[in-house]
Amino acid sequence: MNNSILTLVTFVPAIGALALMLMPRNDRALRWAALIISIATFAISLFLPMYYDYGASGFQFETNRNWIGQTIHYHMGADGISMWLVLLTTLLVPVSVLVSWKSIHDRVKEFFVLLLLLEMAMIGVFLALDMFLFYVFWEATLIPMALLIGMYGHERRVYAAVKFFLYTMVASVFMLAAIIWLYVHTGSFDYSVIREWIRVSIQNGSVSGTALQWLFLGFFIAFAVKVPLFPLHTWLPDAHVEAPTAGSVLLAGVLLKMGTYGLLRFNVGMFPDQAAYNSSWINTLAVIGIIYGALVALVQPNLKKLIAYSSVSHLGFVVLGIFSLTTIGADGAVYQMLNHGISTGALFMLAGMLYERKHTYEFKEFGGLATPMPVYATFFLLAVLSSVGLPLLNGFVGEFLVLSGTFQSAMPHAMLFAILGSSGVIWGACYLLWMYQKVFYGQIHHDENKTLPDIDGRERISLVPLVVLAVIMGVASPYWMKSIQPAVVSTLPQAAGVKAQAQKDHNQDKPDLVSPVLPAAAAVPNASATGGQK
Amino acid sequence: MNPIQTVDYIRILPELVLTAFGIIIMMADPLLKPGASRKGLGLVALGGTIAAIAATFCQIAWSARDANFATPGWFGMVRVDSFAIFFHLLIPAISAVCILASLEYLDAQNIRSGEYYALILFGTVGMVLMSSAVELVLIFIALEISSISTYILAGYRRRNAGSAESAIKYFLLGSFATAFFLYGVALMFGATGSTSILKIGPALGSNPGLLAIAATALMIVGLGFKVAAAPFHIWTPDVYEGAPAPIVALMSTGPKAAAFAVLLRVLFATTSSDWLPLIWICAALSMTLGNFGALMQNNVKRMLAYSSIAHAGYLLVAFAASNEIGRSAAIFYTASYAAMNVGAFAVVSHFGAGGERYVSVDDYSGLGRRSPLLAFTFTIFMLSLIGIPATAGFLAKYYVFNAALSANAHPTALVWLTIIGLVNSAVASYYYLRLIVVMYMREPVIVEAPAPASGAMKLALVLAAIATIYLGVMPGRVLTYSDAGARDLLPTAAAAGSATPGSSTFPGPVATTPEK
Amino acid sequence: MVPLSWYLILSGILFSLGVLGFLLKRNIITIFMSIELMLNAVNLSFVAFANYWHTHPVADKSIVPLSGQVFVFFVMVVAAAEAAVGLAIIIAVFRTRETLNVDRVNLLKL
Amino acid sequence: MTKNLNLWVIPLLPLIGAAINGLFGRRFKNAMVSAVALLFTAASFGWAAWAVWTVWPGSGIALPHIETLGTWITAGTFSAPFGFYLDQLSMIMVLVVTGVGFLIHIYSVGYMAHEGGYYRFFAYLNLFMFFMLTLVLANNYLLMFVGWEGVGLASYLLIGFFFLKDSAADAGKKAFIVNRIGDFAFLIGMFLIIRHFGSLNYDAVFGKIAAGHFTPEAGWGIFTAIALCLMFGATGKSAQVPLYVWLPDAMEGPTPVSALIHAATMVTAGIYMIARSHAIFNLAPHALQIVAIIGCITAIFAATMGLAQTDIKRVLAYSTVSQLGYMFLACGVAAYSAGIFHLMTHAFFKALLFLGAGSVIHAVGGEQDMRRMGGLRKLIPVTFWVVTIATIAIAGIPPFAGFFSKDEILGAVFHSPYGGPVIWGIGVLTAGLTSFYMFRLWFMTFFGELKLGSVELGEEAHAAKAPAQAAHGAASHSHGHADDHSHGHGGVHESPWIMLAPLVILAVLSFVGGWVGVPQFMGGHNEIEQFLAPVMQSGPAVAGEAVSDKDATTSHAGEATPENTKEELFLAGTSVAAALIGLFFAYLFYYKSPELPDRITSKMHGIYMMVLHKYYVDEGYGAIFVKPLLALSTVVLWRGVDQGVIDGLVNGAGTASQGVGNELRQMQSGNIRSYAAWVAIGGAAIVAYMIWLGVTR
Amino acid sequence: MVHQVLFIVFGLICVAGAINLLVQRHPISSALSLVVVMASLALIYLLLGAEFVAAIQVIVYAGAIMVLFVFVIMLLNAGAEERTRGSRMALIVGVPGVIILAGTVGWMLVSGSGRLGGVNLVGPSSFGETHAIARLLFKEFLLPFEITSVLILIAIMGAVVLGKREN
């Protein structure tokens with residue numbers, strides 16, 4: 001079981017998609033089949049936290065066999081980071097199926113097939129430990145998502161789908177180049193082998209800092225577009241606005257996490273020195289993203305676009321946390337990934353429910369909806385509050401840890417970044433409350449809004465898991481943290497001895513410091529690059 | 001004593017089989033009523049290709065028995081090594097799919113002529129022979145066989161002015177390029193005194209004179225034309241647009257694969273790597289011109305023609321890598337490209353309907369609803385052409401770039417070439433995507449219902465699609481063959497390995513880890 | 001005796017004139033003839049080189065220096081076949097377009 | 001001796017109440033809703049009282065009493081528990097919160113009886129109690145922050161309770177956002193604390209300080225930074241300059257909310273936080289100085305704005321801001337006990353004032369403009385008397401509660417190095433103003449003639465009020481409930497007993513509440529200061545060094561020399577005099593000769609308008625921050641950077657590629673000869689290049 | 001010496017014929033010029049001692065192929081060519097291309113004559129003997145020789161397919 005569980009989780013949706021393809025075009029049956037398959041996948045994925053060895057670090061449930069030739073392996077494994085992201089995925093898919101229940105009535109079969117294929121690819125991305133396999137899954141997410149947007153989206157869906165596809169495609173080829181380069185030099189695609197090789201190479205100076213820098217950038221750009229990091233984010237609002245609800249939920253909930261996951265796992269995990277060396281400008285971009293995304297969100301006339309820009313802002317936190325290169329920051333970043341998936345996923349679902357009723361996302365069409373739709377308003381409020389980062393809800397834990405970690409970081413200007421990033425709590429409140437007010441408060445200006453039906457049982461069922469999780473994750477974070485933390489610790493740079501020493505010296509200048517809380521990463525810029533040249 | 005032994009006949013068995021079937025068709029054609037469908041002859045032709053594949057298996061079996069099988073036969077004319085066998089399998093397979101696609105096409109275009117199939121088979125003879133020939137004379141003749149048959153086939157829609165124009169363009173420019181090739185051969189003969197590829201290399205030594213260099217250049221011109229590499233690509237869009245779609249499927253893959261095979265043999269016969277920078281430029285130019293040219297195309301056939309130029313460029317990247325991985329990648333690429341492109345043109349062929357009316361991108365609108373199978377397979381081919389993982393196109397591209405990055409000679413330049421290639425493939429995704437977009441995301445503009453695909457067409461599409469996916473997901477076997485082919489390509493240079501340092505104009509660090 | 005380079009230069013001149021003819025002539029048949037001229041130029045090189053290698057034996061005894069002449073023979077065969085096909089194509093073009101001017105054969109472009 | 005008090009039950013009880021009402025309240029009858037709400041609040045109060053009783057000094061249980069329930073957040077070396085902390089300070093707070101909170105719950109049952117969303121109101125109110133209790137009982141800053149943000153949320157929900165009214169929704173949003181600005185600083189403060197102490201737990205942080213690791217900073221250092229961040233956080237919650245702007249607007253909420261949240265409890269959280277963090281503040285003299293100055297400015301500034309307000313609740317709101325300024329001032333002069341003392345007394349009389357005002361509003365059918373009131377003394381006698389007590393208390397006239405606490409503060413200010421005579425003078429002036437506007441309110445409301453509907457209001461005030469009223473009415477109507485506020489003008493009536501009972505209790509407290517802090521010079525023992533002393537002197541070494549010889553806290557409280565006594569008497573006398581002067585002017589202007597104010601205002605029109613418009617601060621903020629920000633976001637960031645530059649570049653790259661493609665296509669002229677030309681030139685280039693390579697090799 | 005003179009003479013005729021092919025506007029004239037070129041080339045082959053090649057040059061090329069050309073010219077009744085300006089590229093790009101090509105190749109041949117060009121070629125000898133070529137053709141080059149049959153088959157079929165009128 002332990003060896004095949006990951007394969008099972010990954011490919012059950014694919015098998016389901018195949019089965020759906022062969023089913024007759026009976027929409028009702030297709031819906032139920034999709035729901036059952038996705039719930040089954042979720043149920044299977046629950047084995048992961050159940051059988052996870054929380055005491056151990058490193059990857060678990062590993063399978064590793066030859067795939068193509070001797071070098072390309074089918075190597076899957078989960079650690080505390082990927083396990084939870086997989087669970088997030090398997091949770092959001094059934095939920096997405098539920099929200100698509102009525103809103104999709106044309107080409108239903110194709111829709112659910114694409115959805116399940118997307119699920120497979122997303123799970124694969126988080127579990128692949130072979131770079132080649134990773135890239136395969138990575139790109140494989142692209143097609144179903146682009147098709148979901150393009151086939152089931154709104155007016156400018158084609159533009160959005162193409163933009164989404166091209167943006168990500170262009171960026172990921174650089175990652176492919178980097179992966180191939182690494183393979184050529186290491187003879188392996190295996191994550192840990194490559195990681196070890198880089199570490200050793202840096203120590204004995206057999207790889208130049210310049211080369212590593214380019215590799216770092218190759219990976220970085222692919223992930224940064226996916227995150228999306230300012231200024232590579234402009235595909236996101238378009239994609240979100242045009243996507244069908246399920247598409248938005250998965251896009252925001254999972255796809256964006258692939259970017260941050262990649263940054264953490266590969267950029268930081270494999271190139272610790274480069275991560276430290278580049279942290280300044282990356283963090284600058286992250287902070288710009290936080291503020292910029294929020295400010296732009298503030299003035300959006302469109303509900304979904306606002307949520308989309310809020311994602312830019314929220315993901316800025318995640319990137320900031322990762323590139324704080326502190327355990328706390330990265331813990332928070334991982335947690336924030338999960339949080340964002342839940343809260344923004346919920347927000348998009350809610351937006352979609354409104355769309356089903358009103359067929360628009362424009363604020364000017366709403367207002368005063370709290371009266372006809374009190375239950376809906378309540379769910380919305382909870383989602384908003386989770387997104388705002390209200391304590392005791394999930395968002396707070398992540399945001400706090402991220403900012404705290406950044407604040408403790410030894411990266412240059414970390415404190416400035418943290419302070420600027422913290423201002424995100426203000427902006428977040430601004431645009432989200434503004435949004436909430438626009439939709440729910442005030443007088444009803446459109447008569448047809450007075451009779452909007454409140455959400456029904458199906459919709460409530462689809463929302464409840466997310467909202468409940470938002471609360472639980474806000475209160476009981478240690479349950480998640482106990483598996484995230486070891487994974488993060490083993491992913492973050494085990495600071496080379498030199499740098500730890502440098503850090504220590506650095507700290508001695510400030511005797512008033514009680515104890516440096518952070519596990520110091522490199523503050524010395526590109527030490528290996530200068531020392532690596534023979 | 002007969003100097004020609006049984007084994008020699010085995011060495012040309014696929015050619016013999018194909019020729020025999022071709023002649024049967026040629027003879028049977030007059031027996032049929034003038035206006036009748038030639039489907040039966042098509043099936044015979046199909047049998048011919050399958051028989052050729054079987055003959056190749058016969059060769060494989062023989063080679064397992066006879067260690068000398070791979071030594072040149074027919075007085076050093078042909079050499080049926082793993083490399084040749086790879087193409088012996090690939091090319092008849094391509095022809096088979098094209099014939100399958102043609103069965104429906106000829107009826108749709110109201111072409112009642114059995115010579116069509118005979119010409120395909122004879123052309124296949126030429127292509128197959130090209131891959132195993134190791135003597136420039138034979139290569140030249142084989143090249144002409146495949147070329148002339150495609151010239152004729154390109155002009156097969158005789159009532160169509162475009163088709164005739166396509167044929168004349170192809171013919172004139174093809175002959176023009178052949179003259180360059182021949183001139184190159186002449187100079188090479190002058191430089192070495194031999195026209196045998198296997199002897200040219202040793203004769204030249206490691207420091208060929210100017211004559212040989214010029215000869216290589218001129219041969220590159222001729223072969224570059226055949227593979228549609230820039231700057232000799234310019235005929236491609238016009239010819240592809242005018243020629244019958246199934247024939248485009250054939251000539252964008254079969255002769256191209258064969259020409260690449262020749263190019264591999266010819267270029268790597270000379271151990272000198274003077275031509276590396278040249279191929280570098282050709283590769284970069286082909287990719288760029290091909291992809292950018294395709295961006296604005298509204299005619300699917302022309303678009304795919306440009307795409308074919310671009311793919312020749314990717315393939316040349318493998319050449320530029322100039323190592324065994326690169327050669328293997330190039331071989332694999334021909335197969336992958338064949339799978340996806342044959343399929344794509346088969347769809348174009350079916351959907352074009354009578355007179356090839358519907359070949360603009362807009363005509364494909366709503367195809368996802370109108371004929372789901374066609375649209376689905378077409379999507380697979382497009383995705384593969386883009387280079388999306390789990391398709392042949394991705395793995396092919398991956399191996400090519402892998403080769404480029406693992407090259408020992410000119411590593412920096414090849415890194416740049418890789419980047420150019422990757423950026424190009426990203427640009428390219430736009431126009432392939434356009435087709436997917438119109439198929440699935442737009443409403444149909446054509447009122448006429450598309451004719452249902454015939455069984456043969458469906459079979460062709462499914463075969464091509466399966467091949468595309470198979471090569472993308474489980475390419476292990478094929479890769480083994482292409483590796484073996486790459487090894488066999490240079491029996492003499494194999495000892496020296498791929499580490500032959502070129503004239504290193506690009507200084508750079510030597511890679512730390514040896515390639516496998 | 002005549003130096004080899006003279007033959008080669010003559011061959012080169014003829015080849016260039018052939019190329020030039022292809023570029024400058026409008027009539028398709030004349031263009032085709034230019035191609036034939038190029039082939040002839042190549043043949044001259046072949047024969048000249050064959051003569052050269054016949055008198056300057058190579059180290060590798062398995063090399064047949066006379067293959068140059070054989071090559072010429074095959075070039076002629078191919079040229080004949082090409083001529084047959086080419087002229088048939090020309091006729092086909094003439095049928096559809098009523099012209100032999102290449103500049104007017106430009107339906108397919110861009 | 002340790003004893004498990006299960007402190008967590010105290011906040012949890014209201015949460016359960018909130019959950020029950022929130023989830024099922026819609027189906028309950030009003031009586032059921034109020035029963036649940038009151039039950040859980042009362043239980044919470046009871047538990048709190050029991051807990052306080054159990055650990056009361058002398059009971060043998062060591063204070064602070066800390067209970068940890070479990071870990072909330074842990075990452076890296078950082079960890080924050082669900083921990084509860086009971087010491088003298090939190091005892092006072094928890095009793096005030098649960099006690100006053102319970103009273104206001106009772107009051108609300110009557111006050112809200114006919115409003116729509118009854119269950120919602122009580123759910124929110126209970127939720128507020130939960131967060132507020134979490135705030136005061138937390139044993140670490142992070143958990144305090146939970147309550148801190150949570151009360152902000154509850155405040156947001158309750159201010160926006162009449163959400164159909166745009167002004168209410170706006171006010172709620174404004175409150176939340178302005179509070180968030182403060183929270184931002186609080187967060188940074190916490191990060192700094194983590195960075196330097198490695199923990200956010202009080203015992204860890206204060207323990208390290210108490211252990212004497214640190215000395216007060218002479219200049220601007222890390223402790224000043226922490227203290228300033230915390231202070232800025234407090235200015236948000238406690239409505240100090242520059243973040244006070246939300247509190248007056250918060251009056252859009254139902255009156256019990258104003259009483260509970262915006263007078264008695266939530267707004268004092270900032271004071272509590274500073275008092276809680278006094279150890280850090282004591283290490284940062286500069287920060288203390290700034291706290292004092294901000295408190296002083298807020299006090300006088302808000303008081304002046306209170307002068308011209310005509311809305312009864314707004315007067316009280318500005319008065320609250322002003323009184324909070326006092327408390328801030330107290331903290332700034334390190335007289336934390338005095339601040340807490342004032343916090344407590346203020347909770348009593350200000351809650352009373354608001355509830356009384358609510359009762360008045362209730363009586364006059366929803367009218368809030370004092371100019372339309374008058375002569376209510378006879379009609380609602382109970383309300384009149386309790387409001388009278390409260391007014392005297394807030395004016396600072398002995399022996400009512402306000403006098404003692406205010407006197408404590410002013411005395412401390414006078415002596416403190418961070419205060420001094422100037423700030424003291426301003427404090428006294430503020431006291432006078434407070435007295436003036438409170439009696440103004442008193443006179444306008446209860447004396448003279450009842451003028452409901454008969455007064456032609458000032459142009460601007462009318463314009464501002466009318467739509468809001470209309471909207472309010474609409475809001476109530478739309479809930480489909482009868483609205484007792486729309487009783488006819490003649491139907492002025494006293495509130496029901498359920499509203500009056502809390503008033504009476506609070507009135508008693510407002511009267512006697514100050515007696516726990518009778519200073520020594522008046523023969524008292526100042527019990528509250530002594531009670532709090534163990535907390536406030538948790539770092540005795542620090543205090544001694546921090547403010548050296550002029551330590552306000554100890555010197556002021558500890559010694560009672562005759563000289564001191566004389567001085568104290570003088571100070572107290574001055575402030576009482578100021579209050580009486582204020583009373584006199586109010587009497588003069590609003591009872592004796594009501595035409596005088598108009599004459600004065602018309603003479604000093606500019607100043608009057610400025611005061612009436614609250615110094616245009618809201619408009620200024622709008623013009624300086626909000627509008628430019630929105631414009632920047634829309635024009636520069638969204639349209640400019642996002643759609644213009646980035647998308648422009650992206651799409652431009654696409655267009656450019658297509659353009660290049662189109663140009664390249666022109667090569668494809670369709671002409672065979674030109675194709676041959678390309679082949680020829682290509683071939684020539686290749687041959688030439690190769691030969692060149694061969695030659696140069 | 002005689003050889004050289006003869007070479008120069010025939011070479012000049014050859015070049016002149018080629019130039020004439022370019023200059024003439026009527027296809028028939030061009031065809032006849034091409035015949036001149038081929039004939040003089042045949043003579044040059046003879047100078048080289050390649051009798052067999054010279055013979056088939058005359059028979060196949062001048063005799064068969066050119067006849068075909070002339071036949072088609074007459075069949076299509078092609079007149080003098082028009083002076084169209086269909087392609088400026090042919091001039092702008094092509095002519096410099098030809099010049100570069102001729103220049104580089106020529107330069108190479110001239111400068112590289114140290115190895116090749118300086119060597120004089122002998123006249124008639126065993127070099128051109130037909131039986132030697134025949135041996136090659138039917139032994140070493142048997143396969144190409146046989147495979148040309150396929151080529152010719154294709155040519156015939158192509159001519160038939162393309163040439164025959166549609167009904």
Side-chain angles (χ1 to χ4, degrees), chain C residues 1-10 12-14 16-17 19-21 23-27 29-30 33-34 36-37 40 43-44 47-48 50-52 54-56 64 66-67 69-70 72-74 76-81 83-85 87-92 94 100-104 106, chain E residues 3-4 7 11 14-15 18-19 21-22 27 30-31 34 37-38 41 45 48-50 53 56 60-61 64-65 68-69 72-73 76 78 81-82 84 86-87 90 94 98 101-102 105-106 109 113 116-122 127 132-133 136-137 140-141 144 148 151-152 155 158-159 162-163:
Chain C
M1 286 291 148
V2 188
L4 172 60
S5 58
W6 290 21
Y7 291 100
L8 296 182
I9 287 167
L10 177 63
I13 290 171
L14 291 177
S16 305
L17 286 172
V19 176
L20 214 53
L23 294 177
L24 299 180
K25 302 306 286 181
R26 267 75 166 176
N27 190 304
I29 300 179
T30 325
M33 285 191 277
S34 305
E36 295 296 338
L37 182 60
N40 272 288
N43 282 352
L44 179 59
V47 178
N51 188 311
Y52 169 82
H54 186 67
T55 46
H56 299 78
V64 191
L66 284 181
S67 60
Q69 289 189 67
V70 180
V72 172
F73 170 77
F74 285 114
M76 287 179 189
V77 174
V78 168
V85 172
L87 291 170
I89 292 175
I90 288 170
I91 290 170
F94 188 79
L100 284 177
N101 188 331
V102 274
D103 286 356
R104 298 197 190 285
N106 57 355
Chain E
H3 271 99
Q4 289 186 0
F7 175 82
C14 211
V15 173
I19 291 173
L21 182 149
L22 287 183
S30 299
L34 190 55
V37 176
M38 286 169 175
L41 274 178
Y45 292 153
L48 276 166
V53 174
I56 58 168
V60 177
Y61 248 130
I65 297 177
L68 201 58
F69 270 95
V72 171
I73 294 168
L76 298 182
E81 65 181 6
E82 301 170 90
T84 47
S87 173
V98 175
L101 192 67
V105 172
L109 291 173
S113 56
L116 292 169
V119 180
N120 293 334
L121 295 183
V122 293
F127 165 62
I133 293 171
L136 278 178
L137 212 48
E140 276 90 345
F141 289 87
T148 42
L151 182 68
I152 290 166
L162 293 172

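Letters A, B, ... are given to chains in the order of the sequence lines, protein chains preceding strands, and every chain is numbered from 1.
Listed here is the closest heavy atom pair of C:Met33 and E:Ala31: SD-CA, 3.3 Å. Residues C:Ala83 and E:Ile65 approach most closely at CB-CG2, 3.9 Å, considering heavy atoms. The two residues C:Ala88 and E:Gly158 make their nearest non-hydrogen contact at CB-O, 4.3 Å. Closest of all the heavy-atom pairs between C:Val19 and E:Val98 is CG1-CG2, 3.4 Å. In terms of heavy atoms, C:Ala81 sits closest to E:Leu151 at CB-CG, 4.0 Å.
Of the atoms belonging to E:Ala64, not a single heavy atom falls under 4.5 Å from chain C. If you measure heavy-atom distances from C:Leu10 to chain E, the contacts under 4.5 Å come from the side chain alone. With a 4.5 Å cut-off on non-hydrogen atoms, E:Tyr61 touches chain C through its side chain but not through its backbone. With a 4.5 angstrom heavy-atom cutoff, C:Val78 touches chain E via backbone and side-chain atoms both. Neither the backbone nor the side chain of E:Val105 comes within contact range of chain C; no heavy atom of the residue lies under 4.5 Å from a heavy atom of that chain. E:Leu76 touches chain C through backbone and side chain together, each having a heavy atom under 4.5 Å away.
Interatomic distance, E:Thr148 OG1 to C:Met76 CE, rounded to the nearest 0.5 Å: 14.5 Å. To the nearest 0.5 Å, the span separating CG on E:Leu48 from CD on C:Gln69 amounts to 9.0 Å. A distance of 6.0 Å separates CD1 of E:Ile56 from CZ of C:Phe73, quoted to the nearest 0.5 Å. Here the straight-line distance linking atom CG of E:Leu22 with atom OG of C:Ser34 works out to 6.0 Å at 0.5 Å rounding. Considering CD1 of C:Ile29 and CD1 of E:Ile73, their distance stands at 5.0 Å, rounded to 0.5 Å. With values rounded to the nearest 0.5 angstrom, C:Leu37 atom CG is found 8.0 Å from E:Cys14 atom SG.
Among E:Ile19, E:Val60, E:Leu34, the residue making the largest number of heavy-atom pairs under 4.5 Å with chain C is E:Leu34. Each of C:Ile13, C:Leu20, C:Ile9 has some count of heavy-atom pairs under 4.5 Å with chain E, and the biggest count is that of C:Leu20. When the candidates C:Leu44, C:Leu24, C:Val77 are compared by the number of heavy-atom contacts under 4.5 Å with chain E, C:Leu44 comes out ahead. The candidate with the highest count of non-hydrogen atom pairs below 4.5 Å against chain C, out of E:Ile152, E:Leu21, E:Leu101, is E:Leu21. Chain E forms the most heavy-atom pairs under 4.5 Å with one residue out of C:Asn101, C:Ile90, C:Leu100, and that residue is C:Asn101. Put simply, of C:Val70, C:Thr30, C:Val72, the one with the most heavy-atom pairs under 4.5 Å next to chain E is C:Val70.
Looking only at side-chain heavy atoms (C-beta outward), C:Ile91 and E:Leu162 stay at 4.5 Å or farther from each other.
Here the two rings, on E:Phe7 and C:Tyr7, have centers that are under 6.0 Å apart.
Listed for the C:Asn27 side chain is no donor-acceptor partner under 3.5 Å among the backbone atoms of E:Pro27.
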Practice task
Step by step, work out the side chain to side chain contact (heavy atoms under 4.5 Å, CB included) result for C:Leu14 and E:Leu41.
Solution key: CA-CA 11 Å; C:Leu14 291 177; E:Leu41 274 178; 4.0 Å; yes
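Qualifying side-chain hydrogen bond (donor to acceptor under 3.5 Å, both in side chains) partners for C:Asn40, counting only residues two or more places apart in sequence or in other chains: E:Gln57. Remark: E:Tyr45 engages no residue in a side-chain hydrogen bond (donor to acceptor under 3.5 Å, both in side chains) (not counting sequence neighbours).
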